[in-house]
Amino acid sequence: MVDQEKRGGSGNLFHDEELQEKRFRDIDNHFADFLCRVEGKRVETLFMTARELSRGVGRGDVCLDLVKTFPESFAMMAENLLGTSVTSPPGGFTPLILDKNRLYLYRYWLYEQKLAACIRALAAKRVDTDIELLKDGLERLFGEPAGEGIDWRKVAAARGVTSHFTIVSGGPGTGKTTTVAGILTLVLEQSGGDKIRIALAAPTGKAAARLKGSLLDARKKLRHLSDMADHLPEDVATIHRIMGYIPDSGRFRHNSEEPLPFDIVVIDEASMASLSILSELVSALKPEARLILIGDRDQLASVEAGGVLGDICGTGNRRSFSPQFRDFLTSIGAGNFSGGERDLDDGASPPLNDAIIILKKNYRFGENSGIAALSSCINSGNGESALGVLLSDKYGDVSFPGLPAAGDLRRLVEDRVIPRYAAYLNESDPAAALRLFDEFRVLCAIRHGNYGVLRINRIIEDALADSGLINPYKERWYRGRPVMVTANDYSTGLFNGDTGIAFDDPENPGETALFFPLSDDRVRKVSPLRLPKHETVYAMTVHKSQGSEFSRILLILPDEESPVLTRELLYTGVTRAVKEAEICCSPDIFMTALSRSVERSSGLKELLWQS
């Protein structure tokens, strides 16, 4: 954004260009130059806005809000842009689209339009349902009627069975995956035994593996409640795989002309899914297909452009169920929606309101859980209360040990990291070692710098070597080296986020293999020669940790303010922990991060929630 100081007293947008240049990457400048060459001359307005747009997309924005970026000159800049051959209003086919006050790259404008249109259509469609069978199934799977309270799992299940679009959101431990397993079981019961094709997917291989494990656990619990539990699907894949991604093409085998063959598509960790992949997915659904999205709307958004789940959920909007849906929920025993705080209707509820179910009861943490209290305070933006939780003696599962100087990080590693990694390094069985390795992880906010992942990984590796637990100086693939795959590779079946450990290959004495976990406590073996792009992963960024959970985490924030330090980053990092979370940073940095929320420029929320 161009602030007042950089505009100068005369209001000249291009004042002090040398100062502005530091804000932009080479690719931003190259993109702006390219569009000016296409135009045939350098147009300052075009160059400036194209560069800002490229920079914003690199940070996760879908578009450039000209009013926010150039509040004093929006009208003039919009007129100048529309006077070029590379910019047009909606309906044109130019590199840039100016839609009201938002400037888009054409493909991102199209992604938003397609996704919004598909979701609004899906949200308005209903499924013929045997209501008595549904009521019976809700009681069997989720318990007796809620009486005066509201059973949000039943609300989600009722929505998922009776409609074509459902979002099941909520924090960690609220039973999202278990609830969706119940939805699918109820749908199978409604089918009367007819075969229903269900696709289960997630944005990353790691998230897909976790979803598979969770669903296998849910099947075991549901078997004594429904004969259909054993018909729940076992296979889980990445979104790219179910879409039939064509390598090196940017295209998918399935699209509007060759739809996906599934009747129901379930996407877990939907907050990690980008605008582009979700737009392609909904466009490839059969007209009669249903879509269920699972995710925590308050987590970090995709590393690519867009914050789709938050936009779909209308984060910040006052939402309300329609009167018809409230009456239906009351009639089937999902809860009493007749008064009080019962999502009262405001008279202008779009169909999307009924599609979004936020699970609220936590089944993982007890009443005295510091992790639950801390994550709640962070999520609400209450910095003083969050700091109070960290500094209180009341909670034994959260701590705030402070941030050592950069030169003293080795001591922190020796005290808190080495003892926790020693367990997996002393294990001889790869499957057991992988389970122990996931008991603990170091999380960092940044990649580079004194407190970044790269340096922390080196410090941990050196400390483990000095303790005699590993020998990284003898060979690259030393026993116990943990690696995380950073690129999708369909030939090996390894995907971005998959984590494995190097161990001696029992079938080939003297050789090393990489072992990756499968969802049923088995492991798969991969030769180091076949391993796709990867990196050592004693420590990982909070972004990379999405879709994972660990018994204990050590979260290290830098000693200086950074744009990546946000409320969403803190929330995501803390909620990766199940039993214990340690946060290493200064109180000032913690409070600064908590006070800042991610805001990505997008038009999707407006498209979905306009009356």
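- Within a 6.0 Å radius of CG in Asp235, no more than 12 heavy atoms belonging to other residues, nucleotides or ligands are found.
- Taken to the nearest 0.5 Å, the CG atom of Leu82 stands 8.5 Å off from the CD atom of Glu79.
- Side-chain contact, Asn379 with Arg567: no donor N or O sits under 3.5 Å from an acceptor N or O.
- Side-chain contact between Phe516 and Val526 is present, with heavy atoms from C-beta onward closer than 4.5 Å.
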**Message:** Applying side-chain hydrogen bond (donor to acceptor under 3.5 Å, both in side chains) to Ser279 and Ser276, what does each step give before you reach the verdict?
**Reply:** CA-CA 5 Å; Ser279 178; Ser276 59; over 6 Å; no
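- Side chains of Leu293 and Thr166 form no contact here, defined as non-hydrogen atoms less than 4.5 Å apart.
- Side chains of Leu514 and Lys525 form no contact here, defined as non-hydrogen atoms less than 4.5 Å apart.
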**Asked** Please walk me through it: do Ser322 and Asp354 pass side-chain hydrogen bond (donor to acceptor under 3.5 Å, both in side chains)?
**Response** CA-CA 7 Å; Ser322 67; Asp354 294 346; 2.7 Å; yes
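- Looking at heavy atoms from C-beta onward, Leu291 lies in side-chain contact with Leu281 at the 4.5 angstrom threshold.
- Contact annotation: the side chain of Tyr108 never approaches that of Cys63 to less than 4.5 Å [non-hydrogen atoms, C-beta and beyond].
- In the model, Lys544 has a side-chain atom that pairs as donor or acceptor with a side-chain atom of Asn496 under 3.5 Å.
- In this structure, Arg23 contributes its side chain and Arg55 its backbone to no donor-acceptor pair below 3.5 Å.
- In this pair, Phe252 and His240 present their aromatic rings tilted. The plane angle is within the 30 to 60° band.
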**Request:** Could you check Thr204 against Glu269 for side-chain hydrogen bond (donor to acceptor under 3.5 Å, both in side chains), going step by step and ending with a plain yes or no?
**Result:** CA-CA 9 Å; Thr204 67; Glu269 296 292 350; over 6 Å; no
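- Contact of the Thr492 side chain with the Pro532 side chain is registered, since non-hydrogen atoms from C-beta on lie closer than 4.5 Å.
- In Glu258, the CD atom is crowded: over 12 heavy atoms of neighbouring residues, nucleotides or ligands sit closer than 6.0 Å.
- With sequence neighbours excluded, no residue satisfies salt bridge (Lys or Arg N to Asp or Glu O under 4.0 Å) with Lys533.
- Classification of the Tyr106-Phe93 ring pair by plane angle, with boundaries at 30° and 60°, yields perpendicular.
- For the pair Leu200 and Leu184, the minimum side-chain heavy-atom distance is below 4.5 Å.
- Applying the 6.0 Å contact sphere to CD1 of Ile27 captures no more than 12 heavy atoms from other residues, nucleotides or ligands.
- Looking at Thr129 and Val161, their side chains come closer than 4.5 Å, going by heavy atoms from C-beta outward.
- Applying the salt bridge (Lys or Arg N to Asp or Glu O under 4.0 Å) rule to Glu288 yields the partners Lys286; only residues at least two apart in sequence or on another chain are considered.
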